[in-house]
Asker: 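I'd like to ask you about the structure that follows.
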Amino acid sequence: MRRLVALAAVAALAAACSPRGAVPLTPNAIEQMAPTLGLDVTSARRTGIDFVRAYAEAGDDAAARLRTFAGTRKLVRWAEWVGVQVEQFRGDIVGRVDVDHVSFLGFVRLGEAGGGPFGAQLDLDASVVLTFDPARGETVQRARLFHGPMTLFRRGLADWGVVDVFRDGVSMDGAIHLIDEPASSDGLTVELDSVFAFVPEWSVNLVITNRTGSPVSLFPPEAAIVGPGGSRVEGQGGTANLRRVPDGVRRMRAIVTFPAVPDVEGATLLLPFRLPRGRGRIDFAFPLGELLSLAEPPAASPPPAPG
């Protein structure tokens, strides 16, 4: 049974109900906020705590609650793929969260040269330790550190969505690359949905449709990010559904993980899908260096579209 072990939090904030969904509302002007100032400050701090708690609890609800705190299209997509990872893991995931402190720094205007949506900034110091206990194999622990500024978007009274937060020293907004690049060959369609360029591990997120007439397989060590000089970084893991992609499946979501890559200029992502009984393979090559840039400065992506 997947569960959360909460080591530390602010009791009064933990008891408060969570914010509503991720649909953005028209924010009030700053001068209209005086009567609700205390409520907005308290709810913004609570959102910071609830966000990391929801991440730790993603094993319980396939990241459903985590999605409610996403205030941008990038973070919505990230939360969806956290859900895919949870659903594909064969075993239990236990999250332990420790919130050292969360401080309210002030209200801000987001983007558009200071005239954009109304937001707030927090200083967050929290950690999440995830214990992966597979049905077969050894238990593994991974720690995620949320330390530094967190930026929020005000969706309504006491209702905030997360725009950006630093995880393991990296801006999540800057590390999430939405790509949506499809390729097709011999009845197999693979869409490179997104790349999460976190440290120490990248997530390459795929959407697969198989009309080849037979199942196909992708073995992560055969996938690779190849540099212009021939350097090769092999895949180190992947979701269980890559072992057998059934014929007729439509828009199956799967993940291949790689060690973090320092540079993608001129790099190519190679994905060789094998046909059964030695019938060969179907190769895909995505020009990774053209599809994303690690040099892009972190900048908050737009709020998700209503609906």
Side-chain angles (χ1 to χ4, degrees), residues 55 58 74 77-86 88-91 93 95 127-134 136-148 165-179 181 190-208 217-243 253-274 281 283-296 298:
Y55 178 58
K74 284 187 175 183
R77 191 84 64 93
W78 167 73
E80 290 172 350
W81 283 100
V82 170
V84 172
Q85 182 185 40
V86 167
Q88 286 298 312
F89 182 75
R90 298 176 179 176
I93 303 174
S127 63
V128 172
V129 177
L130 300 172
T131 300
F132 295 84
D133 186 11
R136 295 181 179 179
E138 297 182 358
T139 299
V140 175
Q141 283 193 337
R142 294 182 179 177
R144 299 287 185 250
L145 304 180
F146 296 87
H147 179 71
V165 60
F166 277 73
R167 195 188 86 172
D168 299 327
V170 175
S171 157
M172 290 192 67
D173 183 83
I176 296 171
H177 303 270
L178 306 184
I179 296 177
E181 179 78 9
V190 177
E191 178 183 335
L192 180 55
D193 174 275
S194 50
V195 174
F196 301 158
F198 297 133
V199 292
E201 183 178 89
W202 282 22
S203 291
V204 173
N205 307 311
L206 310 173
V207 180
I208 304 168
S217 302
L218 177 65
F219 299 100
E222 296 181 354
I225 297 175
V226 180
S231 62
R232 182 182 178 92
V233 177
E234 295 182 347
Q236 64 182 12
T239 48
N241 55 357
L242 285 170
R243 299 171 190 169
R253 297 191 293 179
I255 303 170
V256 182
T257 61
F258 293 85
V261 178
D263 187 19
V264 294
E265 185 176 357
T268 300
L269 172 67
L270 301 180
L271 301 172
F273 285 81
R274 289 194 174 275
R281 67 189 196 188
D283 292 319
F284 291 90
F286 290 94
L288 206 58
E290 299 175 12
L291 297 173
L292 66 89
S293 171
L294 300 183
E296 293 175 357

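Note that these values count all heavy atoms, side chains included, but never hydrogens, waters or copies made by symmetry.
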Asker: Would you please test Ile225 and Trp202 for side chain to side chain contact (heavy atoms under 4.5 Å, CB included) and show each step?
Answerer: CA-CA 11 Å; Ile225 297 175; Trp202 282 22; 4.2 Å; yes

Asker: To the nearest 0.5 Å, how far apart are OG1 in Thr239 and CD in Gln85?
Answerer: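 Separation between the atoms: 9.0 Å.
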
Asker: Can you say whether the rings of Phe196 and Phe198 are parallel (under 30°), tilted (30 to 60°) or perpendicular (over 60°)?
Answerer: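 Judged by the thresholds at 30° and 60°, the geometry between Phe196 and Phe198 is tilted.
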
Asker: Out of curiosity, Asp133 CG to Gln141 CD, how far, rounded to the nearest 0.5 Å?
Answerer: 10.5 Å

Asker: Taking only residues two or more places apart in sequence, or in another chain, which ones meet Arg77 in a salt bridge (Lys or Arg N to Asp or Glu O under 4.0 Å)?
Answerer: Asp180, Asp193

Asker: With rounding to the nearest 0.5 angstrom, report the CG to NE2 distance, Leu288 to His177.
Answerer: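 Between atom CG of Leu288 and atom NE2 of His177 there are 9.0 Å.
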
Asker: How would you list, by chain and number, every residue that makes a side chain to side chain donor-acceptor pair (under 3.5 Å) with Ser194, sequence neighbours excluded?
Answerer: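 Checked Ser194 against side chain to side chain donor-acceptor pair (under 3.5 Å); matches are Asn205.
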
Asker: Is there a donor-acceptor pair closer than 3.5 Å between any side-chain N or O of Gln88 and the backbone N or O of Asn241?
Answerer: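 Yes: the side chain of Gln88 pairs with the backbone of Asn241.
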
Asker: Show the atom names and distances, to 0.1 Å, of all donor-acceptor pairs under 3.5 Å that link a side chain in residues 217-224 to residues at least two apart or in another chain.
Answerer:
unit_1	atom_1	unit_2	atom_2	d
Ser217	OG	Arg243	O	2.6
Glu222	OE1	Arg274	NE	3.1
Glu222	OE2	Arg274	NE	3.1
Glu222	OE2	Arg274	NH2	3.3

Asker: Grab the two heavy atoms, one from Leu145 and one from Ser127, that are nearest each other, plus how far apart they are.
Answerer: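 Leu145 and Ser127 have their closest heavy atoms at CD2-CB, 3.6 Å.
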
Asker: If you measure from CD on Gln236 to OG1 on Thr257, what distance do you get to the nearest 0.5 Å?
Answerer: 4.5 Å

Asker: Answer yes or no: is there a side-chain heavy-atom contact under 4.5 Å between Phe286 and Ile179?
Answerer: no

Asker: State which residues pass salt bridge (Lys or Arg N to Asp or Glu O under 4.0 Å) with Arg136; sequence neighbours excluded, sorted by chain then number.
Answerer: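 Salt bridge (Lys or Arg N to Asp or Glu O under 4.0 Å) list for Arg136, sorted by chain: empty.
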
Asker: Considering residues at least two apart in sequence or located in another chain, which fulfil the side-chain contact (heavy atoms from CB on, under 4.5 Å) criterion with Pro228?
Answerer: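 Counting only residues at least two positions away or on another chain, Pro228 forms no side-chain contact (heavy atoms from CB on, under 4.5 Å).
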
Asker: Counting C-beta onward and ignoring hydrogens, is there a side-chain heavy-atom pair between Phe273 and Arg281 closer than 4.5 Å?
Answerer: no

Asker: Quick one: does Ile93's side chain get under 4.5 Å of Thr131's, heavy atoms only?
Answerer: no

Asker: If I take atom CH2 from residue Trp78 and atom CZ from residue Arg167, how far apart are they, to the nearest 0.5 angstrom?
Answerer: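 It is 6.5 Å, given to the nearest 0.5 Å.
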
Asker: Which heavy atom of Thr139 sits nearest a heavy atom of Pro134, and at what distance?
Answerer: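 Between these two residues, the closest heavy atoms are CA-CD, 4.1 Å.
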
Asker: Roughly how far, to the nearest 0.5 Å, is the CZ atom of Phe166 from the CE atom of Met172?
Answerer: 11.5 Å

Asker: For residues 261-272, which side-chain donor-acceptor pairs fall under 3.5 Å, sequence neighbours excluded?
Answerer:
unit_1	atom_1	unit_2	atom_2	d
Asp263	OD1	Glu265	N	3.2

Asker: Would you check if Leu292 and Leu294 make a side-chain contact, meaning some heavy-atom pair closer than 4.5 Å?
Answerer: yes

